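Structure first, commentary second.
To find a chain, count down the sequence lines: A is the first, B the second, and so on, and within it residues start at 1. Bear in mind that the values here come from a model prediction, so they are computed numbers and not experimental data.
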Amino acid sequence: MRAFLRQHNGRITTYVGFIIFAIIVLFPFYFIVISSVTPRYQIFQIPPRYFPETLTLENYPAMMNAIPFWQFYLNSLIFALGSTITSVLFSAMAGYALARLKFPGSNLVFLGLILSIALPQVALLVPIREIYNALHLNNTYFGLIVLMSSLVTPFTVWIMVSFVHQIPVEIEEAALIDGATIWQTILRIVLPTMRPAIATMLIINFIISWNELLYPLIFATRNDTKTLSVGLISLGREAMGTSRPWDLMSAMSVLTIVPVIVLVIFGQRAIVSGLTRGAVK
Amino acid sequence: MVANVSPPQAVTRARSPQLTLNQRRYLAAALLLAPVILLRLFTTLYPFLQTIVLSFHEYNPAFTPRTYVGLENFEKIAADIVVKSSIEFTLIFVFGSTFFQLFFGVMVASLLNSRLRIPNFIRTINLIPWAIPMVVAAVGWRWMFDGNYGWIVDLLRRIGLQINWLTDPASARVAILIVAIWKSTPFVAVSILAGLQGVPEELYEAAKVDGANAWQSFWGITLPLIMPLMVTIGMFMLVWQLAVFDLPYTMTAGGPGFATSVLAYQVQQKVVTLNYGYASAISVIMFLIVGLIGALGLAAFRRVQVSM
């Protein structure tokens, strides 16, 4: 395709491609944002309006009156930050061990971790639910964070292992020869060099956890632990009558995606490097 | 975290036969790995095995203690039109969306790999569908497909097309696929882009000298070189989309009827209604599909490597 475009001096083709691509990607966002500032009576109009006659911000306070929005926001933050930090810390430790401290069976452990990605999350739900009922872990941040950090761990370990493989081993060997212990080497030499991988996975895992639906839906049934994803669905279900309150839901959607959009704008390079490292290896 | 290992310490990493050094290393490895292993045992390995066990049981925690029923749950599945339809749509959804994600992924990746100066803005917006919650995407698209107020319905009506997206079973399935393709093509494109950037420029130059046109060099050079990567990404997407439950749950609740219900959605529904034995049996069907995808992937890999 690249050669094709070059040969035909396809500057125009490429730019037309960009424009079509941008429209397809951004159209739903335009729709959501515009809906959130459209008065309710204009949203429910036939035929629909592509730009409202009057703009309003009243959907936002109305949405916050309908559900404990800021409580959900806080819950989402605790859930996502907790899962992110836990998973990245544990995965960095495990990744270093699997990449450097070879032991009998270490390849098997790595293979097992990677293969476990293939097990569908929902298909493991029944036993987890039994455990959580028995241990009273429903509606606890701890229980939710354990599940979520475990879910993203295999991929994170994978990225960490491939990153550690790229660090020259000589520096660590030199440190060990100079009399440093394994732990000192890890803290003073390995950890600083792993910083880019750690930063990347912090961003990616935060986005994945922020977007998670299944675990909070099943294990956070009370308002004091519900996350935004679950809250958005409750908002739709609690609607009066048959029609969904799209005016309120669009306002909530906009505020829900703000953090991840900001992360994408500022962390684009890091995200791409993390997402592709796994695939290309 | 600094343990009480007394210096001076010999070369720990050296492949010396001294057991103490290796033991020290194994201890470090065990401590570093323990949290991840414990997490995975607790949330994945044990649930996996226990799900298989429960699939042979009649089990509803609200009523009786669980009883062994052999293959009864699976016989029930064979007679359950809702679950059978879900199996069918699961396969359509997983393979259909993966195919189109790879197809459009190659297109978008080629676009992003263009020699022209690409505005950074394009790379950024490419990631946005991937980065937003599926719930938000599904709710937004659900509304755009709405029969009365939806923009898509209205736009199509203006050009003379009348499609009842969410009330006609076949159209609802297409609508679900469209959202899945829209949401995950960027992720696929980013991965393919990394592969495209690895194709040596000289190959294209040489092909050009030999008089190959653009399509020939795409089919002859680019595609064979990125094929192993495509298979890897394809496998990943197949497995990953088998687990997609939030899209039909949020957008159509499996409807109209049960046309857009997938296995993941069925399991969730059975779990919520405490039908644990049956939910486990459907989960086992999902494990089998994972195995099938794995076998297909291995076969595809062998083929790709032979042909190269």
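- Counting heavy-atom pairs under 4.5 Å between each of Gln216(B), Met286(B), Lys270(B) and chain A puts Met286(B) at the top.
- With a 4.5 angstrom heavy-atom cutoff, Asn133(A) touches chain B only via side-chain atoms.
- Ranked by non-hydrogen atom pairs under 4.5 Å with chain B, the options Ala97(A), Pro127(A), Ser250(A) are led by Pro127(A).
- Among the candidates Leu228(A), Leu119(A), Ile208(A), Thr185(A), the residue making the largest number of heavy-atom pairs closer than 4.5 Å to chain B is Leu119(A).
- Leu155(B) touches chain A through backbone and side chain together, each having a heavy atom under 4.5 Å away.
- Proximity to chain B is limited to the side chain of Phe21(A), based on heavy atoms less than 4.5 angstrom apart.
- Taking the side chain as every heavy atom from C-beta outward, Tyr215(A) and Thr43(B) never approach each other to under 4.5 Å.
- Using a 4.5 Å heavy-atom cutoff, the side chains of Val262(B) and Val244(B) are not in contact.
- With hydrogens and angles disregarded, no donor-acceptor distance shorter than 3.5 Å links the side chain of Gln268(A) to the backbone of Ile265(A).
- For Leu151(A), the part lying near chain B is the backbone, with the side chain staying farther off; criterion is any non-hydrogen pair under 4.5 Å.
- Counting heavy-atom pairs closer than 4.5 Å to chain A, the top residue among Trp240(B), Phe121(B), Tyr249(B), Phe42(B) is Tyr249(B).
- Within the 4.5 angstrom heavy-atom criterion, only side-chain atoms of Pro154(A), from C-beta onward, approach chain B.
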| Intermediate values then yes/no, ring-ring contact (aromatic ring centres under 6.0 Å, His included), Trp141(B) and Trp182(B) | CA-CA 10 Å; Trp141(B) 279 91; Trp182(B) 176 84; 5.6 Å; yes

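- The side-chain heavy atoms of Glu212(A) and Met134(B), taken from C-beta on, include no pair separated by under 4.5 Å.
- For a residue to count as touching a neighbouring chain, one of its non-hydrogen atoms must lie under 4.5 Å from one of that chain's; by this rule Leu232(A) touches chain B with the side chain only.
- Gln266(B) and Tyr278(B) form no side-chain donor-acceptor contact under 3.5 Å, judged by distance and modelled atom types alone.
- With a 4.5 angstrom heavy-atom cutoff, Phe29(A) touches chain B only via side-chain atoms.
- With chain B as partner, the option from Ser253(A), Ser106(A), Pro28(A) having the largest number of non-hydrogen pairs under 4.5 angstrom is Pro28(A).
- At least one side-chain heavy atom of Phe31(A) sits under 4.5 Å from a side-chain heavy atom of Trp143(B).
- Ring geometry for Tyr30(A) against Trp151(B) counts as tilted: the plane angle lies between 30° and 60°, on a 0 to 90° scale.
- Taking the side chain as every heavy atom from C-beta outward, Tyr46(B) and Leu41(B) never approach each other to under 4.5 Å.
- No more than 12 heavy atoms of other residues, nucleotides or ligands lie within 6.0 Å of CZ in Phe266(A), so this atom counts as exposed by the packing criterion.
- In this structure, chain A has heavy atoms under 4.5 Å from both the backbone and the side chain of Phe48(B).
- Most heavy-atom pairs under 4.5 Å with chain B, from the set Pro104(A), Ala22(A), Ser91(A): that is Pro104(A).
- You'll find the side chain of Tyr276(B) stays beyond 4.5 Å of the side chain of Arg66(B), heavy atoms only.
- With a 4.5 angstrom heavy-atom cutoff, Leu263(A) does not touch chain B via any of its atoms.
- In this structure, Arg142(B) and Thr250(B) have side chains that are not in contact, with every pair of non-hydrogen atoms separated by 4.5 Å or more.
- A heavy-atom distance below 4.5 Å is found between the side chains of Pro133(B) and Ile257(A).
- Using a 4.5 Å cut-off between heavy atoms, Tyr132(A) contacts chain B through its side chain alone, with no backbone atom that close.
- When heavy atoms are compared at a cutoff of 4.5 Å, Val108(B) approaches chain A solely by way of its side chain, counted from C-beta outward.
- Heavy-atom distances place the side chain of Ile218(A), and not its backbone, under 4.5 Å from chain B.
- Residue Val290(B) touches chain A through its side chain alone, counting heavy-atom pairs closer than 4.5 Å.
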| task | Carefully, step by step, assess Leu26(A) and Ile125(B) under the rule side-chain contact (heavy atoms from CB on, under 4.5 Å). | result | CA-CA 8 Å; Leu26(A) 294 179; Ile125(B) 64 164; 4.0 Å; yes

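- Taking Asn126(B), Thr185(B), Ile289(B) one by one and counting their heavy-atom pairs under 4.5 Å with chain A, the maximum is reached by Asn126(B).
- For Ile271(A), the part lying near chain B is the side chain, with the backbone staying farther off; criterion is any non-hydrogen pair under 4.5 Å.
- Contacts between Ile131(A) and chain B at a heavy-atom distance below 4.5 Å involve the side chain alone, from C-beta outward.
- If you measure heavy-atom distances from Leu124(A) to chain B, the contacts under 4.5 Å come from both the backbone and the side chain.
- Of the atoms belonging to Thr153(A), it is side-chain heavy atoms, and not backbone ones, that fall under 4.5 Å from chain B.
- Counting heavy-atom neighbours within 6.0 Å of Arg157(B) CZ, excluding the residue itself, gives a total above 12.
- Residue with the most contacts toward chain A among Ile122(B), Leu193(B), Leu31(B): Ile122(B) (heavy-atom pairs, distance under 4.5 Å).
- Annotation: maximal heavy-atom pairing with chain B below 4.5 Å, among Val254(A), Leu213(A), Thr256(A), Val260(A), occurs at Leu213(A).
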